[in-house]
Q: 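I am attaching a structure below and will ask some questions about it afterwards.
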Amino acid sequence: MRVMPSTIKIAPSILAADFLHLGDQVAQALEAGAEYIHMDVMDGQFVPNISVGPVVVEALAPMVHKAGAVVDVHLMIEEPERFVPQFALAGADIITIQVEASKDVFGTLKMIRTHKARSGLTLRPRTPLLSIQAGLPYADQILVMSVEPGFGGQKFLPEAVARIKRIREWLTAANSMAELEVDGGISTANAATLVEAGASVLVAGVSIFRAAVPIGDAVRALRAAALSAAVPS
C-alpha cells in the first residue's frame, strides 16, 4: 500500500551533520520543511560507537519545536528504559528503542507513552521481523533499519524493502496509525522505492548534510524523489 503524499516526512539525521555548525545546519533543514530531526543515541555497548546524549536533545529541541517539527530520538543503547525519562524531559517527541536491547520491551514502550512521548520500536536488519510483531499495538512508530546500526554513511541493504512491505501489511491489517520509518543509506536514488513499499518517514544523514548541494536543496530533492512514488491509496 502506497502512502498519501501529504503523509511523507523527511527526517534529517544529525549524525552526519557538522557539529561545529550543528544549530545552523539543523535550522537550514527545518527551513526547507523537514518534519523530523532524527538523533541517534549510541552508548558504545549496544553498538561500537558513542554519539550524543540528552544535553544535545535539550539544546536542539526548542528550535525544532518552534519550527513545528518533531524531535525523533533513536536509542541504540543497552537497557534504554534507564534513560527514557531523561530524553523525554529533554524534549524528545518520539523515543525509539531496539527490540534486542530492552529487558522489557512492552513495559518500556508503555513507559515512553507515560512520559508524554510517542513510542518507537526497531530492530537490527537481520533480526527476525516476528520479534517486533507483538509490540506493534504499543508502538506509535516502527523503524526499519536498512543498515547495521552504529555508523552513518553505510550502503543501503536492499532486503529492507521487503521488510518495509511486510510491516506495512501488518499495520494496515491492524488499522494502525503508526508511522513506518526507514533509516540507513537513504537518498534520492531509493526514496521512491521505499515510499512505494510503504515507508512514510525517510531518515537521511549523508545525503542531506554532506550533499554536494546546500542542505535545503538536499531536503527538497529527497522529498521530490519520495513524492514521485506517492499516490493516493
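Numbers for residues simply follow the sequence, beginning at 1.
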Q: State, with a plain yes or no, whether a side-chain heavy atom of I37 is found less than 4.5 Å away from one of M63.
A: no

Q: Establish whether V161 and L129 are linked, either directly or via other cluster members, by ILVMFWY side-chain heavy-atom contacts under 4.5 Å.
A: yes

Q: Between I132 and W170, what is the shortest heavy-atom contact and its length?
A: CG1-CZ3, 4.5 Å

Q: Evaluate the side-chain proximity of V203 to V182: yes if any heavy-atom separation is below 4.5 Å, no if none is.
A: no

Q: State plainly whether one hydrophobic cluster holds both L227 and I208, where clusters connect Ile, Leu, Val, Met, Phe, Trp and Tyr through side-chain heavy atoms under 4.5 angstrom apart.
A: yes

Q: Does the side chain of D72 pick up a donor-acceptor pair with the side chain of H74 at under 3.5 Å?
A: no

Q: Got a donor-acceptor contact below 3.5 angstrom from the Q25 side chain to the D18 backbone?
A: yes

Q: Using the rule that Ile, Leu, Val, Met, Phe, Trp and Tyr join whenever any side-chain heavy atoms are under 4.5 Å apart, tell me whether L20 and I215 fall into a single cluster.
A: no

Q: To the closest 0.5 Å, what do you measure between CG (D140) and CZ (R118)?
A: 7.0 Å

Q: Going hydrophobic residue to hydrophobic residue with side-chain gaps under 4.5 angstrom, can you get from F106 over to I167?
A: yes

Q: Just wondering, do H65 and D93 contact through their side chains at under 4.5 Å, heavy atoms?
A: yes

Q: How long is the span from the CG atom in L75 to the CE atom in M42, to the nearest 0.5 Å?
A: 11.5 Å

Q: Would the distance check show the side chain of E35 and the main-chain N or O of A69 forming a donor-acceptor pair, the cut-off being under 3.5 Å?
A: no

Q: Any sub-3.5 Å donor-acceptor pair from E100's side-chain atoms to T127's backbone N or O?
A: no

Q: Mind running side chain to side chain contact (heavy atoms under 4.5 Å, CB included) on F46 and R124 for me, showing each step along the way?
A: CA-CA 11 Å; F46 181 74; R124 292 180 182 274; 3.6 Å; yes

Q: Any non-hydrogen side-chain atom of D40 less than 4.5 Å from a side-chain atom of S13?
A: yes

Q: CE/M39 to CD1/I95 distance, rounded to the nearest 0.5 angstrom?
A: 11.5 Å

Q: May I ask whether Y36 and I10 are part of the same hydrophobic cluster, defined by side-chain heavy atoms of I, L, V, M, F, W, Y residues being less than 4.5 angstrom apart, directly or through others?
A: no

Q: Do P54 and F83 make a side-chain contact, defined as non-hydrogen atoms from C-beta onward lying under 4.5 Å apart?
A: no

Q: Output yes when a side-chain donor or acceptor of S228 lies under 3.5 Å from a complementary backbone atom of A225, and no otherwise.
A: yes

Q: Measure the CD1-OG distance between I112 and S119 for me, rounded to the nearest 0.5 Å.
A: 6.0 Å

Q: May I have all residue pairs that pass salt bridge (charged side-chain N to carboxylate O under 4.0 Å, His left out) and include part of residues 199-219, sequence neighbours excluded?
A: D217-R220

Q: What are the two closest non-hydrogen atoms of R168 and A197, and how far apart are they?
A: CB-O, 4.0 Å

Q: Would you find a donor on one side and an acceptor on the other, under 3.5 Å apart, between the side chain of T96 and the backbone of T122?
A: no

Q: Given side chains that start at C-beta, do those of I94 and V73 come closer than 4.5 Å, heavy atoms only?
A: no

Q: Quick one: does S207's side chain have a donor or acceptor within less than 3.5 Å of a partner on I186's backbone?
A: yes

Q: For a quick test of reading the model, state the closest non-hydrogen atom pair linking A191 to A226 and the distance between them.
A: CB-N, 3.9 Å

Q: Tell me, do L60 and V71 make a side-chain contact under 4.5 Å, heavy atoms counted?
A: no

Q: Return the CD1 to OG1 distance between I97 and T108, rounded to the nearest 0.5 Å.
A: 4.5 Å

Q: Side-chain contact test, heavy atoms from C-beta onward, threshold under 4.5 Å: evaluate it for K103 versus E79 and give yes or no.
A: yes

Q: First locate atom CD1 of I142, then atom CG of L171, and finally report the distance between them rounded to the nearest 0.5 Å.
A: 6.0 Å

Q: Using 4.0 Å as the upper bound for N to carboxylate O, is an ion pair formed by R126 and E148?
A: yes

Q: Write down the atom of S146, the atom of G184, and the distance for their closest heavy-atom approach.
A: OG-O, 2.6 Å

